[in-house]
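Have a look at the structure below before the remarks.
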Amino acid sequence: MKGSYPHFMLKEIYEQPDSLTQTMRGRVISHDSSPDDVSRNHRGDVHLGGLSQRIGDFRRSSRIIFVACGTSFHSCLAGRQVMEELTELPVSIELASDFLDRETPLFRSDVCVFVSQSGETADTLEALRYAKKCQALTVGVVNVVGSSIARLTDCGVHLNAGAEIGVASTKAYTSQILVLIIIALQLSADSRAKQGRRREIHDALLTLPNLVTKTLKDLDGRMKGIAERLKENTSILLFGRGFHYATCMEGALKIKELSYIHTEGIHAGELKHGPLALIDENMPVILFAGKDACSGKVQNALHQVTARGGIANMLIVGTEGDSEIEKFSDKVELVQVPKTVDCLQCVLAIIPMQLLSYHLAVARGLNVDQPRSLAKSVTVQ
Ligand code: F6R
């Protein structure tokens, strides 16, 4: 039911403080969980029951391969860096279709993680069958309980995000990122060297739902206004890097599927390798600027775009309190999301893009919950 919301998509965007809480329930345990809590042994840590039988095999693997399509692929892009950092294993990400086309070599020592909201996506499911044939350990990260991918994988973690009805994935995306990060925390539980970083991420997870609530409250009206200004454009470029590479890719996908405006998500490090030729004072640009290890490089990208007149039509999605980016606030449209730990910043920064794509579709009079030519579950290859 949509309740008081005009569209399922808007309802699902607004459900995220709750869906993220559900994703973490019983898995990210606070420091002061009650003594009779079943999770009392994991106070201040994480616990993933669905992985416990195979966690040893997972830890002993030689590499981790994420396999997914569309938005689910972007969540893998968002989760990869922390997975690499905390497990110190090589982590690759694969579009399920390309993974199958290449007949990617797989070994028994590999772990393949299949990420899917529906659990029924044909390419992802076929890739899972292939991985099983190669005897790799298969792990599902799926929202729909009882779906094919949930049933066929050796072990897994449900998103618990609740039913997602709108064709464009929103709350499943943010829950997928959380699950991948929680898996990374679980895999690195025994690493002494990682405890400080693990605690930082764990504690930030617990405060994330409130920051999502604040982001929705602060930015919905702003994004509606920006959608009104952007709605007649035919093309928008989105740039990001580091933890925001995923944000620019997913933001571009959301805008194109909902508004039918041509968009491209581009790694900001690639600007000079071609995309700069597209930049002039008429090209709308959205730049994601985190306050993290990539800040200096993102500012370089900002200067490159500015030098080609691209600042005339620029929206920056930045972080509250980032004085370097605030210097540009009189020249560009600047929206800021609250500050959290670097690897979770992408969960907050995608929210203005979800809202923007929603308002663009409404402003252009399009079918928000069922964009043309798309289906919620892609069951044919
Ligand atoms: C975009 C979207 C799609 C799906 C993709 C995979 O908003 O929803 O790109 O993410 O079709 O679907 P699942 O996650 O069900 O495997």
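Just follow the structure's listing: the first ligand is 1, and inside any ligand the first atom is 1. All heavy atoms count here, side chains included; hydrogens, waters and symmetry mates do not.
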Donor-acceptor contacts, no H, no angles, side chain residues 131-142, under 3.5 Å, sequence neighbours left out:
residue	atom	partner	partner atom	Å
Lys132	NZ	Leu152	O	2.7
Thr138	OG1	Asp154	N	3.0
Thr138	OG1	Asp154	OD2	3.0

Atom 6 (C) of ligand 1 has as its nearest protein heavy atom Cys69 O, 3.4 Å

Taking NZ, NE, NH1 and NH2 as the nitrogens, is one of them in Lys254 or Glu250 under 4.0 Å from a carboxylate oxygen of the other?
yes

Closest protein heavy atom (residue, atom, distance) for atom 12 (O) of ligand 1:
Thr121 OG1, 3.4 Å

With sequence neighbours excluded, give me every salt bridge (Lys or Arg N to Asp or Glu O under 4.0 Å) pair touching residues 264-275.
none

Against heavy atoms of Ala168, which atoms of ligand 1 measure under 4.0 Å?
7 (O)

Which ligand 1 atoms are under 4.0 Å away from a heavy-atom of Val167?
8 (O)

Residue, atom and distance of the protein heavy atom nearest atom 15 (O) of ligand 1 read Ser118 OG, 2.7 Å

Which atoms of ligand 1 sit under 4.0 Å from any heavy atom of Gln117?
13 (P), 14 (O), 15 (O), 16 (O)

As an exercise, identify every atom of ligand 1 less than 4.0 angstrom from a heavy atom of Lys254.
1 (C), 7 (O)

Provide, to 0.1 Å, the distance between atom 4 (C) of ligand 1 and the closest protein heavy atom, together with that atom's residue and name.
Thr71 N, 4.0 Å

Pi-cation contact, Tyr260 with Arg372 (under 6.0 Å, within 45°)
yes

Lys376 N/O to ligand 1 N/O under 3.5 Å
no

Suppose we measure from atom 11 (O) of ligand 1 to each protein heavy atom; which comes out shortest, and what is that distance?
Val378 CG2, 4.0 Å

When the ring centroid of Tyr173 is compared with that of His74, is the distance short of 6.0 Å?
no

Between His202 and His31, does the ring centre distance come in under 6.0 Å?
yes

Ring centroid separation Tyr130 to Phe99 under 6.0 Å:
yes

Please check if atom CZ in Arg108 has more than 12 non-hydrogen atoms from other residues, nucleotides or ligands closer than 6.0 Å.
no

Is Ser72 in polar range of ligand 1, meaning some N or O pair under 3.5 Å apart?
yes

Heteroatom proximity flag, Glu257 to ligand 1, N/O under 3.5 Å:
yes

